[in-house]
Structure formats: structure tokens, C-alpha cells
S.K.: 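This structure is in C-alpha cells; I'll ask about it shortly.
To find a chain, count down the sequence lines: A is the first, B the second, and so on, and within it residues start at 1.
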Amino acid sequence: MSSSSGQQQFRYTQTPSKVLHLRNLPWECTEEELVELCKPFGKIVNTKCNVGANRNQAFIEFSDLNQAISMVSYFASSSEPAQVRGKTVYIQYSNRQEIVNNKSTGDVAGNVLLVTIEGVEAGDVSIDVIHLVFSAFGFVHKIATFEKAAGFQALIQFTDSETAAAARNALDGRSIPRYLLPEHVNSCHLRISYSAHTDLNIKFQSHRSRDYTNPYLPVNPSAIEGTLQPTVGPDGKKKEPESNVLLASIENMQYAVTVDVIHTVFSAFGTVQKIAIFEKNGGMQALIQYPDVTTAAVAKEALEGHCIYDGGYCKLHLSYSRHTDLNVKAHSDKSRDYTIQDTGLLSIPQAPGAPTAAPAWQSNPQAASMYPGNVGPQAHPDAQIGAWDPNMHGGRPRFPPAPGTYPGQAYVPSSSMPMYPTSGAPPPAAADATMQQMPPYYGGQPNARPAGPPSVGRPPMYY
DNA sequence: AGCACA
């Protein structure tokens with residue numbers, strides 16, 4: 001007469017387990033807080049935190065079943081409910097007998113994150129977008145993406161676990177801003193945990209994997225095509241040969257675009273070696289030289305069609321230059337050679353998670369701007385969020401983009417701002433007086449800060 | 001408030 005199995009979900013008939021399921025935890029409840037709550041009852045051998053859609057559940061595993069039973073029993077009969085930070089925590093036996101994750105006893109967070117990108121297919125989120133987002137927290141060494149039952153996933157390798165933890169804390173449960181996603185994707189939340197890996201084995205630069213520490217790693221040609229093709233269209237249209245030098249045409253140039261601005265924007269993707277800006281057909285163009293084709297390809301893909309400034313200004317169109325090595329003056333208002341040692345700035349390393357020394361925010365301006373305010377200050381003690389000034393948007397003129405209204409002639413310094421309303425903060429480039437004698441951008445970014453940054457040109461979005 | 005990577 002007894003019916004079949006599968007029905008052990010009933011609250012009072014759950015089979016005991018040394019694994020307990022805890023719900024209604026406060027947001028971002030730490031493992032330490034869980035341990036504080038549970039350790040009076042026994043030895044905790046494993047935990048799994050930030051579980052569930054709201055990240056407010058956790059699992060905790062005792063070394064012995066009796067310890068779990070004692071904890072459940074205690075709170076079942078206690079007048080005081082289990083609490084963390086004053087919030088009642090609901091405890092029951094897990095329906096599993098052990099926590100299966102990579103961190104067994106005492107294991108600490110690693111330097112490699114496992115990121116599940118929910119609600120998207122692999123093609124929706126390019127590896128470059130992932131790189132962009134995670135680079136906000138430090139140098140991203142490697143990325144490997146794959147599709148598994150859990151969905152589209154990425155392993156992201158940072159220098160150290162601290163950096164990885166910062167990224168995880170800030171991004172777990174958040175969504176990649178919509179403007180970095182294809183139209184049809186409404187949201188894609190990141191679920192982040194730690195991988196057991198410490199060093200990913202990337203064999204090719206491809207649309208599925210990158211090794212940013214090794215620019216000379218062979219490129220899987222078909223794979224790279226795969227990432228670039230979608231922007232062109234599936235008609236298999238012939239593309240210009242790739243190059244390590246990008247040609248940027250700047251459209252709707254309401255605001256000045258200086259060498260420093262260009263450098264700031266393009267440094268997000270790697271070392272910029274040289275820059276030359278010039279005018280052509282009344283428009284402005286820039287050549288940006290990277291050390292390698294891969295970096296250029298990443299920058300091209302990420303920035304194409306995006307605006308340097310909020311409001312549709314200074315829209316970038318990118319193609320590959322035929323040049324491979326620019327011959328430019330080391331330091332003029334139209335060009336820069338960053339490979340020359342005379343400034344002493346070259347010794348500054350490339351943003352390996354050292355926000356103050358390296359151009360960290362520049363290195364990921366948009367990523368930083370994506371998560372202002374919302375990210376706890378602890379996540380970014382310094383540069384990243386601080387560099388973002390939310391007032392920039394409020395203060396920026398809101399008149400619609402006026403393609404074609406830009407006079408087409410050279411950017412004329414101060415008198416060229418007729419359209420610019422007098423109220424509010426001046427546009428980033430309005431400080432034209434300082435433009436010509438602007439120091440290398442490390443010296444400070446009064447106007448090198450491209451407000452909304454490269455790929456965004458739009459206010460941050462949260463959802 | 002209700003169960004998790006391969």
C-alpha cells in the first residue's frame with residue numbers, strides 16, 4: 001500500500017543528513033558568520049555559501065551526522081530561533097548527504113572563478129565582454145568558456161584569490177549590463193563560485209578561450225573568425241586582413257578626442273604602443289598600435305560602434321590598418337609613442353591588479369562604471385568606483401545626438417562649443433585650455449576621463 | 001523561506 005519514493009520533501013519527514021540547508025540568510029552572509037552559528041554543534045568540514053537565486057542560502061556540512069542532528073534539534077526546540085545578524089535563519093537537513101564542491105576542508109577561495117552566465121546562449125556573450133567585465137578587478141590572465149548542463153560558463157583566472165574574491169563579491173548575482181549584450185538578451189545574471197583550478201591550460205586564442213599572458217599563443221583562425229563574424233553578418237563577407245594596428249574613425253565628434261583620451265580608451269584591452277591622430281575628409285581618425293593582432297582584435301570587437309562619451313558622441317568605427325608599426329613623434333599633440341623610455345612611464349606595469357600604480361580604471365573604465373553605487377565599498381576600496389562620477393551624467397547635456405551637426409572641420413577649441421548648454425558640468429573635453437599641454441594621462445585625468453567610457457557612452461544600468 | 005559545477 002505504500003506508494004513509491006521520491007517524496008521525501010516533506011518538512012517533518014526529511015531524512016537526517018550531516019549536511020544542513022540554511023535559508024533566509026542575510027545578503028552576502030559570510031562563511032565566517034555561518035561557522036559562528038554552527039560550530040557550537042560540531043566540526044564543520046565544508047560549506048557552500050551564497051546559494052540560490054537570492055544568494056541567501058547556504059549548505060554546511062558537519063563531520064558527523066549527530067552534530068547536524070543536534071543543531072537541528074536544538075533550534076527546533078529553542079525559543080530563540082537561529083539567527084545571523086539578527087535575521088532568523090531556517091535550518092533543515094539537506095536532501096543530499098554531502099556537499100559536493102571543490103573546496104573541501106579549510107580550502108580557501110582560489111584565483112580562478114567559475115562563472116555561470118544565466119539566461120544566455122554561448123553566442124550571446126563574447127569572451128571580450130567577459131574580459132571587459134572582469135578586468136575591472138585586476139589583470140585577467142586567462143579565460144576559458146564552455147557550455148555545460150549548467151549553461152554557459154566561464155573560468156576566469158586572476159593573479160590571486162584576493163582579486164578573484166573582489167570580482168566575485170562585486171559581480172555575483174549581478175547582470176552584465178544590457179548594452180554589452182545583444183538586443184534580444186534582457187538580462188544575464190552571473191553566478192560565481194570558485195574553481196578548483198589555479199592555472200588554466202589555454203591552448204589557443206579563440207572565441208572560447210584566451211590567454212592574456214601570452215600574446216604569442218597561436219590563434220585558432222576559424223575560432224577567431226567566429227567571434228568577429230557576427231558583427232559583420234552571417235553572409236561570410238570578406239574582412240580586411242587583421243592587423244595589430246587599428247584605424248579608428250570618430251563620428252559625431254562633439255567633444256575633443258585627444259591622444260590621451262584615445263590612449264585611455266584603448267588601453268582597456270592591452271598595452272597601447274603608439275597613437276597617431278589626424279584628420280581626413282573633415283573627420284577625425286586615429287591609428288592605435290597594439291603589440292599583437294589578438295589584442296587589436298579584442299579592442300576592435302569590443303569598441304566598434306560604441307561611443308567615447310555619453311549621448312552618442314564620438315562614436316568609434318574601427319577597422320584594421322595596413323600599418324603594422326607606426327612611425328610617430330614620441331610626444332606631440334597628435335601622436336604618442338609609449339614605447340619610448342623618455343617619460344619613465346613605460347615601467348608602469350599593465351594593470352596587474354594594482355589600481356593605484358597602474359592605469360586600472362582606465363584599463364576598465366566601463367566595467368568600473370557598470371557597477372557603481374551598488375557595489376559595496378569594500379569591493380573597491382579605491383580607484384575603480386571612485387573614478388566614476390555619477391554626476392557626470394546628470395550634468396551632461398541631454399540633447400539628442402546630432403549626427404552631422406558636428407561641423408566636420410577640425411575640432412575647434414573653445415569656440416567650438418556653441419551647442420553646449422551653459423548649465424551643468426562641461427563635457428569632459430571642454431577643458432580645452434588644458435588640452436594642448438596635457439601631461440601624459442597618468443598625471444591625472446581632468447579630461448582624459450571619457451566619462452562613460454569606451455564601450456558604454458551611456459549611464460550605468462543595473463538590473 | 002524551500003536544495004548546490006562539471
S.K.: Between A:Arg336 and A:Asp260, is the closest basic N to carboxylate O distance under 4.0 Å?
M.R.: yes
S.K.: Under 6.0 Å between ring centres, would you say that holds for A:Phe75 and A:Phe41?
M.R.: yes
S.K.: In whole Å, I'd like the distance from the CD1 atom of A:Ile192 to the P atom of B:dC5.
M.R.: 13 Å
S.K.: Would you please name every residue forming a side-chain contact (heavy atoms from CB on, under 4.5 Å) with A:Ser73, sequence neighbours left out?
M.R.: A:Ile69
S.K.: Once side-chain hydrogen bond (donor to acceptor under 3.5 Å, both in side chains) is applied, do any residues pair with A:Asn111, and if so which ones, sequence neighbours excluded?
M.R.: none
S.K.: Report the C-alpha distance between A:His197 and A:Gln157 in whole Å, list the side-chain angles of each, state the deciding distance to 0.1 Å, and finish with yes or no for side chain to side chain contact (heavy atoms under 4.5 Å, CB included).
M.R.: CA-CA 9 Å; A:His197 292 100; A:Gln157 179 175 339; over 6 Å; no
S.K.: Take atom CG of A:Asn24 and atom P of B:dG2, then tell me their distance rounded to the nearest Å.
M.R.: 8 Å
S.K.: To the nearest Å, give me how far apart CZ (A:Arg191) and C1' (B:dC5) are.
M.R.: 8 Å
S.K.: Residues of residues 56-79 of chain A with any non-hydrogen atom less than 4.0 angstrom from an atom of DNA chain B: list those, numerically ordered, please.
M.R.: A:Gln57, A:Phe59
S.K.: Quick one: which of B:dA4, B:dC5, B:dC3 gets closest to the side chain of A:Gln153?
M.R.: B:dC5
S.K.: Side chain of A:Gln92 only, please: which of B:dC5, B:dA4, B:dC3 is the nearest?
M.R.: B:dC3
S.K.: Salt bridge check: are A:Arg191 and A:Asp172 linked by an N-O gap of less than 4.0 Å?
M.R.: no
